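Everything below concerns the one structure shown next.
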Number of protein chains: 2
Amino acid sequence: MALRHAVLAALLDEELSGYQLAKSFDLGVANFWHALPQQLYAELARLEADGLVAGREVVQETRPNKRLFKVTDEGLAELERFAASSAKPSMLRDDLAVKVQSSDLVDTGPVIAQLRERADFARAKIELFEKLLVKLRGGRVEEEFLREGERVGPYLTCLGGLVFERGYLQWCERIAGILETRSGEKERGR
Amino acid sequence: MALRHAVLAALLDEELSGYQLAKSFDLGVANFWHALPQQLYAELARLEADGLVAGREVVQETRPNKRLFKVTDEGLAELERFAASSAKPSMLRDDLAVKVQSSDLVDTGPVIAQLRERADFARAKIELFEKLLVKLRGGRVEEEFLREGERVGPYLTCLGGLVFERGYLQWCERIAGILETRSGEKERGR
DNA sequence: TCATGATACTCAAGAATCTGACTATTCATA
DNA sequence: TATGAATAGTCAGATTCTTGAGTATCATGA
């Protein structure tokens, strides 16, 4: 029961449909929570059944109709309880690190390629986050916004995503460089 | 089928029992993979049944007997295939970030406390990683070790863990400071 | 005009994960 | 000398997550 709270937190700022929510989990919220669309639809249904979110049908002419969900007072109370409860340590699962861990005993070629790919991805994400931050603080300088802005939560988590991606980017570049040098040395050594 | 590869990677350097493996997943490997002991015991059983690891009973006098596992050639071949296959994007799930996301609408007191706790945890982990790095490079300076060392995989993932925890630490401290200032302002504003 | 791709969802089945309890022995410590 | 922590696991059941396939409409571009 933890996806529930991630969904509630994601719905705090705007009413979203399941489809939009899925997109936001693939971009913004994905910094700190991962879920597939199917899970989100299912979770929204459960949340609605429990009265933590309220859905309303929006009829569209040019596209299929959709249901928009917003957090209810009960939902907010649930988030309040969650925030006060003890947090589980953050959980990370990273395929690429598993490959790096075994990199002395397997062919490093594909691992280096994947590190470079991941670095590109991180660069794209960083750019996206930087734009999002500018948008969220709406003209104000950061310090002023963080002191006086009404809604800073998403900004703060976006800062977290930025820190994470910048760290990951540096790591990828450094490790790719090291593995490349080492595989070069090995060639010459033969 | 992804925990398998994390387990194989963790067993590359030493023969471990399920119990020891569980410990290492709680400390070192936990940088990039999370799993509970029960899962590890089950996965070891499956890996052994598939011939990817080999277990041997070690009789102990002063403690309960244990079974040590090592990676077989087949296991290594499986890791090789895994390293060459495309990686899934790293998956993060972070309770604390969910709480920060909703921090404008819930009581920030407990969130700030949790950020400080997490910061302490990160500091402890950083110290641990730094010691581990010194141990892994065994007297040599980093550059030399990374160029000429025979087994650098665990060192590289440890570097990753360090980058991650340092980033997380900075984020926690900064966010805790911001939320504290804001809650102070609010008090005075009443 | 025909094929994508985007919007907006749904369903079922199976794999993976988590919760919680249990067994048994030894070591340290209060 | 009891008490709790550490070693070394096992088991069942519930929940969660992932895989894979479908439905239907509209817009865009080749």
Side-chain angles (χ1 to χ4, degrees), chain A residues 1-7 11 14-27 29-30 33-50 53 55-69 85-95 98, chain B residues 1-8 11 14-27 29-30 33-50 53 55-69 85-93 95 98:
Chain A
M1 300 247 261
L3 174 59
R4 6 189 66 200
H5 304 111
V7 169
L11 289 175
E14 0 164 40
E15 254 182 323
L16 293 174
S17 66
Y19 190 79
Q20 292 171 304
L21 188 64
K23 295 226 132 180
S24 105
F25 262 73
D26 217 39
L27 290 167
V29 187
W33 210 271
H34 155 88
L36 297 169
Q38 293 93 320
Q39 265 177 283
L40 298 174
Y41 284 112
E43 194 59 51
L44 281 172
R46 270 192 296 270
L47 283 165
E48 194 179 21
D50 295 347
V53 305
R56 66 183 177 92
E57 185 90 13
V58 172
V59 178
Q60 299 185 120
E61 269 151 39
T62 145
R63 307 185 164 290
N65 297 349
K66 61 180 172 184
R67 302 201 68 219
L68 293 183
F69 295 91
S85 75
S86 73
K88 290 184 191 171
S90 64
M91 193 195 70
L92 183 59
R93 276 180 182 146
D94 189 351
D95 270 24
V98 173
Chain B
M1 298 246 263
L3 173 59
R4 7 187 64 197
H5 303 109
V7 170
L8 287 172
L11 289 177
E14 0 165 40
E15 254 182 324
L16 293 174
S17 67
Y19 189 79
Q20 291 171 304
L21 189 65
K23 297 228 130 180
S24 104
F25 263 73
D26 216 41
L27 289 168
V29 187
W33 209 271
H34 156 90
L36 297 168
Q38 295 92 320
Q39 266 176 283
L40 298 174
Y41 283 113
E43 193 60 50
L44 280 172
R46 269 193 297 272
L47 282 165
E48 195 179 20
D50 295 348
V53 304
R56 66 184 176 93
E57 185 89 14
V58 172
V59 178
Q60 298 185 117
E61 269 151 39
T62 145
R63 307 182 166 292
N65 296 349
K66 61 181 173 182
R67 301 200 68 220
L68 293 183
F69 295 90
S85 75
S86 72
K88 289 185 192 170
S90 64
M91 194 196 67
L92 183 59
R93 275 178 184 150
D95 270 23
V98 173

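Every chain is numbered from 1 and lettered A, B, ... according to where its sequence line falls, protein lines coming before strand lines. None of these values were measured; they are calculated from a predicted model.
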Spacing of CG belonging to A:Leu21 relative to CG belonging to A:Leu68, to within rounding of 0.5 Å: 11.0 Å
Distance, rounded to the nearest Å, where A:Arg67 contributes CZ and C:dA8 contributes P: 14 Å
Residue-phosphate contact under 4.0 Å: B:Lys66 side-chain N/O, D:dT10 OP1/OP2: no
D:dT7 OP1/OP2 closer than 4.0 Å to side-chain N/O of B:Lys23: yes
Inter-axis angle, terminal five-pair segments of the helix from C:dT1-D:dA30 to C:dA30-D:dT1 [nearest 10°]: 40°
Under 4.0 angstrom between A:Tyr41 side-chain N/O and C:dC9 OP1 or OP2: yes
Position toward the 5' end of DNA chain D (nearest nucleotide), A:Leu3 or A:Glu61: A:Leu3
Touch class at under 4.0 angstrom, heavy-atom based, for A:Gln38 against every strand present: base
Approximate separation, where rounding is to 0.5 Å, of B:Arg93 CZ and A:Met91 CE: 5.0 Å
Integer-rounded Å distance: C:dT17 P and B:Met1 CE: 12 Å
Presence of A:Tyr19 side-chain N/O under 4.0 Å of C:dT7 phosphate oxygens OP1/OP2: yes
Whole-Å gap separating P (D:dG9) and CG (B:Leu40): 12 Å
D:dC17 phosphate, OP1 or OP2, under 4.0 Å from A:His34 side-chain N/O: no
Rounded distance [0.5 Å steps], CD in A:Gln39 versus NE2 in A:His34: 6.5 Å
N or O in side chain of B:Gln60 less than 4.0 angstrom from D:dA8 OP1/OP2: yes
5' precedence on DNA chain C between A:Pro37 and A:Arg63 (nearest-nucleotide basis): A:Arg63
Touch class at under 4.0 angstrom, heavy-atom based, for B:Gln39 against every strand present: sugar-phosphate
A:Leu3 side, atom CG; A:Leu47 side, atom CG - distance, nearest 0.5 Å: 8.0 Å
Where B:Phe69 and B:Leu11 come nearest, the two heavy atoms and their spacing: O-CD2, 3.8 Å
Non-hydrogen atoms of B:Ala35 and B:Leu40 that approach each other most closely: CB-CD2, 4.0 Å
First encountered from the 5' end of DNA chain D, between A:Thr62 and B:Ser17: B:Ser17
Sugar-phosphate, base or nothing in reach of A:Arg93, heavy atoms under 4.0 Å: sugar-phosphate
Backbone of A:Tyr19 reached by a side-chain donor or acceptor of A:Tyr41 within 3.5 Å: yes
